[in-house]
Amino acid sequence: ETLKIGILTTTSGPPAVLGEHARDGALLAAEQLGMVGGMETEIIVVDAEGKPDVAAQKARELVERDGVQFVIGPIFSNVMGAIAGPVTESAFLLSPNAGPSVFAGENCHPNLFGVAYQNDQMPTVLAKHMNDTGVADAFILAPNYQAGKDSLNGFKSVFEGTVTSELYVPLGQLDYQAELAQIAALQPSAVYAFLPGGMGVNFVKQYDQAGLKGIPLLTAFTVDETTLPAEQDAALGMLSGVNWSPSLDVPASKEFVAAFETKYDYVPALYAAGGYDSMMLIDSAVKAVGNVTDMDALRSALEAADFSSVRGEFSFSSNHFPVQNFYLAEAVKREDGKYATQIVETVYEDYADAYVDQCKM
Amino acid sequence: MAELLEIRDLRKNFGALAVTDGVSLSVGEGELHAIIGPNGAGKTTLIAQLSGQLAPDGGQVLYGGEDITHLDMAARVRRGLARSFQITALLPGMTVLENVALAVQARSGSSFRFWRDAGGEEITNAQARAALEEVGLADRAAVLASALSHGEQRQLELAVALATKPRLLLLDEPLAGTGGQEAERLIALMQRLKSRLTIVLIEHDMDAVFQLADRISVLVYGAIAATGTPEAVRADPAVRAAYLGEDA
Amino acid sequence: MFNLFLLQLLNGAQFGILLFLVAAGLTLVFGIMDFINLAHGVLYMVGAYLMATFAGMTGNYWLGLMLALPATLIFGLVLEFLVFRRLYDRSHLDQVLATFGLILMLSEGVRILWGSAPLNVEMPELLSGSVPLAGPLKYPVYRIAVIAAGLASAVGLWALINHTRAGMLLRAGASNRPMVAALGVDISRLFMLVFAGGAMLAGFAGAIVAPILSVDPGMGESILILTFVVIVIGGVGSIRGAFLAAILVGVVDTVGRTFGPIWLRMVMDPSAAAQTGRMLAPMLVYLLMAAVLFYSPTGLFGRRGAK
Amino acid sequence: MLRIDSLEAGYGAAQVLFGVNLEVAAGEVVTLMGRNGMGKTTTVSTLFGLLPVRAGRIEIDGRDMTRAGSHARARAGLGLVPEGRQVFPNLTVEENLVATARRGGPWNLGAIWALFPRLEERRRNMGDQLSGGEQQMLAVGRALMTNPRLVVLDEATEGLAPLIRDEIWSCLTRIRDEGAAILVIDKNADALSRFADRHYVLEKGQVVWTGSNADLLADAGGVKDRFLHV
Amino acid sequence: MSRFAPQIAPRLKAALAILVLMALVPVAAHAIGDPFLSVIANRMLVFAIAALSLDLILGYGAMVSFGHAAYLGFGAYAVALGARWGVTDLLAQILLGMVFSAAFALVTGAISLRTRGVYFIMITLAFAQMAYFFFVSQGSLGGDDGVALQGRSTLLGLSLDGDVTLYYVTLGALALVYAGLYRLTGSRFGRVLKGTRENSLRMQAMGYRPFPYQLVAYVIAGCLCSVAGVLLANLTEYVSPAYMGWHRSGEMIVMLVFGGIGTLTGAMAGALVAVGLEEVLAAFSEHWRLGFGLALVLVVLFSPEGLTGLAKRLGIGGKHG
Ligand SMILES: Nc1ncnc2c1ncn2[C@@H]1O[C@H](COP(=O)(O)OP(=O)(O)OP(=O)(O)O)[C@@H](O)[C@H]1O
Ligand SMILES: Nc1ncnc2c1ncn2[C@@H]1O[C@H](COP(=O)(O)OP(=O)(O)OP(=O)(O)O)[C@@H](O)[C@H]1O
Ligand SMILES: [Mg+2]
Ligand SMILES: [Mg+2]
């Protein structure tokens, strides 16, 4: 009997970087563990290609053909929707990143675990921080798609000041001069942005170049270790919400970051931590149960989350999404010249998402 | 002779250039009317307006008494008005037979038939072969039109026009690019066609024109400079100076 | 409000010029040489990556640019030699297939060489300040340089295509290559040079925008369609058209995005307006293109009867 | 100045030329005759490198040009008026003329305008906005503008009005008198025999008859009947 | 009977061979103990249907649509919406998908057909992108995230939950589409379509108005492609706007050209091989795009008519491939 784990993230094409972080994190954990769960381990890495239909097929391939008991993945929420069904039929799905609200709420599933966070939590971190620091009005923007809408709605649900303007930009927008002009005209007390990937890089650079840095820019998934290599000085001092950062003062985390940087020669972002923790979680569950056939026992063991997370204290809510701390992190240039986020403040402690009540399982 | 085609004060400009400058002309049923004139006089443009490819800027085209000025090409073809192109326009990727068969098909029942094999329609194929026979291309039926030599393409051009079963045939330099035997064959064909249908013929081959035409109109700078019998036109000194040259 | 509108018009125009800068190489290869080069986007990307590498290596923007340009030129020559010269006489669809294959290969190659994470290109000291503009907004000097580069390539291309013999030969070659050769012109060499020049222009655009846009493996793809849209709206083969179309696209996109919701609110209730606005915003460019082609099926300045 | 030796060529699987031999000396006017589809245009295309040579040899001024590129052959002094005009549709008349022009001879824009006043009137028109005959003039003018030493005309008078046709013939006579050679294919056999020096007749891809102008006029061996049907 | 029968027959034979081969896949998969192969092959079949439908307009009508994936999306959303409205029968969903597609194709086709060549390519892209963004903005359908289906459709009461059942249904659909298009392209209508591809002016001078023929072909192609969409949704049990983005349209063109345009067998083979190749290469390396791209480039450079040309050279499939 072997433990079989599939890693299914998008690792090709333009948006591959997040998937690579998650994959590398998970593989590092497996390497450190040697035998995951104390068992003969086989890890199958597949590429979701960023296409839901391809991913759905690959997921079924993993489960039906290769007989994996666990799948770590995916990164993107449209892929999540496509693979959740096929995987959870007979295996456990552990998400190192994506957590659209439906999967935390009405579509929660006994075999689905959001190891990282629920998408809407991040914006609330920044909203709460603004409340705490007395920001009276904010300008908020996000790309025009589901996750973008969720992000801004999440922000608004917590923010107590006034939202002076709520903007949706087309996905993949390159030039933000128009938005920057509006920000400059309105002079809000702060700006909240959710602009993942290249969009974030463009926005942050242009924000800096337009000389707007006097207005605090707080972001989610916009300034992190995947984008900082390009943003560099433009992002310095910008604040973002995180559930983990390489600077986190937890022994497991310090070890992880050191090992990761040695092995891969880049700074891990929270996706890497998600991948790493997912593998560690599997390890703990399989060790506890001692086999990979007893699904119910494995589920209970996963729910117990009895592993040393790089995030320190960690547990699951009843909807299988984490209860954890959330922090405010600042972009800094480390002594070795690399850029990373650094935690400056704990915003929420043991924070669970808002969808627990909608989850019936 | 009943008039089959009547053109009244037709006008067409390209920018400042009046290419058709008030042309009025009538062609009787069964007549072979040749239009000659210098290069760029507007002959092809006139044909384009008669066939519906170009919309005139002014004037009228009457066909069998009906005003067809605003009908499109397809509608005119259905009324029996067919043309050949001076600059060869064929279906290069289809066989010679298919080129002609498509013309036959256009005049025989609906083409909104989605199931039956068109290549197997014997009646259509037979008519197409007959048209090829007339122009002398029968032995090239299975060849792709693009693989024909230039002269052969000119012959095919005529076969396609014939296959639409026209009542009025507008021929734009059908002899261009054919020589010797082929030219003679086509002249003989037109001679035969003359008795069956009405023809407007544009040609720079004066031997053919004088041999075939019942009447000739000379187009110069978009206007009719002279119309008359071949003899009269040949003798017209203005025509000789503008077009024919001395040795014609 | 009106001031903001004017400002956004300007922003739209400058975005348009940036678009033209990226599309410039493509107007040469697609517009003039009539070659559908889907790999234009990756050439642009390669330019940016080379810039990032050389600028990083030398620690100097200008040195980086001086190295990146010849490097993209050589890259273009190599591509032309290996692939493109065999495709000039082939159908548009063959060109689509081959250049699609190149996109896959080159973007994967870029990922292997440089990794997936976006890279940074430092702005040169000389161009890094900003000038004050309406109210509190400052306008980055670098953007003025980008606009200048865009205008320069527009004028340069226009002169090259419409007023030089090489331009004539290119246009002639696009419609009938064998004939040009039979008249004594080494059209293959001309095409090679111009293709490489187009690649270099793409690379130039990539290098120029690198300090303001993200240098990442997706940068080519995200802009590819826009560059084609620009050329097609302008009318294939017209530099003037491409330039105007770029500005039009920039303005419609920018102004529509920022003022669309406001205008919609005048005719419908706010929540419906927000919903419709959000749906329409990403469609604007496509609506514009469909509308232009509806009224003028060969683009703004396209030749009637042209392909 | 031109020697074609046992030339073979064709399209795809179909061979069209089966060993064509042909020579043109400087200052000579030579015709290539034959019915439709006998391989005249194919010979010309192969001569200009538009079709690959399958076997045989092409020499220009004694230099082997069998494998040379089209442009090199043209630069060696060949000028082409192709069958079917093939003017550049997206260039203006004037651009058509100057794009491929080469100096070193009597032909320049002024000379072309003088020869074809009609073209000058249309100098700003696009190539495809010309009448058939005007396009033909343009094709002739374009070839002359390269100031060739051997002009090859493939049906250059197709679609031209009689007056213009005569113009072209007299122009060719002039060219010949200035020392250039001419290879001409034309349906208008009578006009050809007025000023040509020698003739070749092609039948199914082979030269089946060759002789001087006098031979042709005397119809030695019944050439006209047997091969040309005129 | 037909004059051209001797030329067409080998092409038909090749197609039959392909279909029979594909019919054996589930059996073979079982025999070698890898039943999952049929799921992979199913995806190939789905795209073969899509490629065939595109070939009708692109290969036979020279209408290069860069927006064909929109119809894949309409088919898929017909399943999602159908399921929501309680329509779970595959045929009914196909009908629904065809109604959406026909309506969209009729309107956008009529506008697009004013243009030619690259302008046509781009205007079809524009309309497809509008459809794409329409679905992205539909929050009730999951927007960009898409919607998971509760289960597969039924076919006249028969459940399609079994992979093999769905496989044979897809194969049947492919065979039907092939047969239909085979007849269609050989019919009077098909001939007119080909004629318009070759020279529209000439066709008008013969007495045809190209527009209605082109439009009808455009609508038929859209409807057939939506069948592929319905099947794709069933295969993945998931529907998302990603099915209809321009990438997809581009990939469909690539599959088709890869196989060789203007021959149905080529279109079918192109999709099968392209999807299969991607599958195989991706299994080897995360850098599979390098190999896939190389394969595409090599095919263009060395085999002008795609796989059809290759087959021709190897002497398979006869003169007309
Ligand atoms: N592109 C082609 N593909 C295949 N076969 C061709 C092609 N062009 C010409 N042929 C064939 O080659 C033969 C010779 O053609 P060519 O054009 O040389 O004749 P030609 O003597 O110039 O005739 P014409 O007087 O009609 O111009 C013909 O049988 C023709 O069918
Ligand atoms: N689209 C156009 N735009 C501008 N001018 C045009 C256009 N089409 C034709 N012309 C001009 O109109 C004039 C008439 O052309 P047309 O083709 O009717 O002449 P033609 O009498 O048929 O001559 P030919 O005997 O040479 O065939 C020509 O001078 C031509 O340059
Ligand atoms: Mg004419
Ligand atoms: Mg010829």
Side-chain angles (χ1 to χ4, degrees), chain C residues 27-35 81 85-86 88-89 158-194 231 234-242 298-299 301-307, chain D residues 41 44-52 60 68-105 125-129 138-152 154:
Chain C
T27 55
L28 210 52
V29 173
F30 170 58
I32 312 297
M33 281 162 64
D34 194 30
F35 186 104
F81 181 77
R85 63 173 46 184
R86 290 157 229 268
Y88 296 135
D89 296 330
W158 176 79
L160 172 76
I161 297 310
N162 295 313
H163 296 280
T164 68
R165 197 138 133 188
M168 287 176 208
L169 288 172
L170 269 185
R171 281 181 282 142
S175 69
N176 193 344
R177 254 163 58 83
M179 198 58 229
V180 180
L183 286 163
V185 174
D186 190 349
I187 187 76
S188 305
R189 202 184 55 188
L190 182 68
F191 265 44
M192 179 177 82
L193 290 176
V194 171
I231 291 174
V236 179
S238 166
I239 306 283
R240 184 172 48 145
T298 54
F301 291 92
R303 247 166 55 74
R304 167 204 61 83
K307 281 197 256 185
Chain D
T41 300
V44 170
S45 301
T46 318
L47 169 59
F48 275 86
L50 302 173
L51 275 178
I60 300 172
S70 292
H71 63 96
R73 304 181 195 209
R75 295 216 154 235
L78 268 53
L80 174 64
V81 180
E83 180 179 77
R85 308 166 185 101
Q86 306 204 33
V87 300
F88 302 120
N90 50 346
L91 266 60
T92 64
V93 168
E94 191 168 328
E95 287 176 334
N96 260 284
L97 291 171
V98 299
T100 54
R102 279 198 301 279
R103 273 189 256 282
N125 267 32
M126 287 294 172
D128 60 356
Q129 294 175 340
L138 185 54
V140 174
R142 186 178 62 180
L144 294 179
M145 286 286 282
T146 68
N147 285 300
R149 289 180 302 118
L150 169 64
V151 197
V152 179
D154 193 350

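Chain A is the first sequence line, chain B the second, and so forth, proteins listed ahead of strands; every chain is numbered from 1.
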At a heavy-atom separation under 4.5 Å, does M145(D) approach chain C through its side chain, its backbone, both, or neither?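 Answer is neither: M145(D) stays 4.5 Å or more from chain C.
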Region of L80(D) in contact with chain C, defined by heavy-atom distances below 4.5 Å: both
What residue, out of A182(C), G173(C), P178(C), has the most heavy-atom pairs lying under 4.5 Å from chain D?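 Option with the greatest count: A182(C).
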Atom CZ of R85(C) with >12 non-hydrogen neighbours under 6.0 angstrom: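 Check passes, neighbour count above 12.
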Is it the backbone or the side chain of R165(C) that comes under 4.5 Å from a heavy atom of chain D, or both, or neither? side chain
With a cut-off of under 6.0 Å to the ring centre and 45° to the axis, is R177(C) in cation-pi contact with F191(C)?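 Yes, R177(C) sits over the ring of F191(C).
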Rounded to the nearest 0.5 Å, how far does CD1 of I32(C) lie from CD1 of I161(C)? 4.5 Å
Pick whichever of [options] has the most heavy-atom pairs under 4.5 Å with chain C.
options	result
P82(D), G127(D), G69(D), G49(D)	P82(D)
N96(D), T100(D), T146(D), V98(D)	T100(D)
A76(D), A72(D), A101(D)	A101(D)

Give the C-alpha distance, both sets of side-chain angles, the deciding distance and a yes or no for ring pair (Phe, Tyr, Trp, His ring centres under 6.0 Å) between F35(C) and Y88(C). CA-CA 7 Å; F35(C) 186 104; Y88(C) 296 135; 5.7 Å; yes
Can you check whether F88(D) reaches D128(D) side chain to side chain, under 4.5 Å on heavy atoms? no
If the condition is salt bridge (Lys or Arg N to Asp or Glu O under 4.0 Å), which residues does R73(D) pass it with, not counting sequence neighbours? none
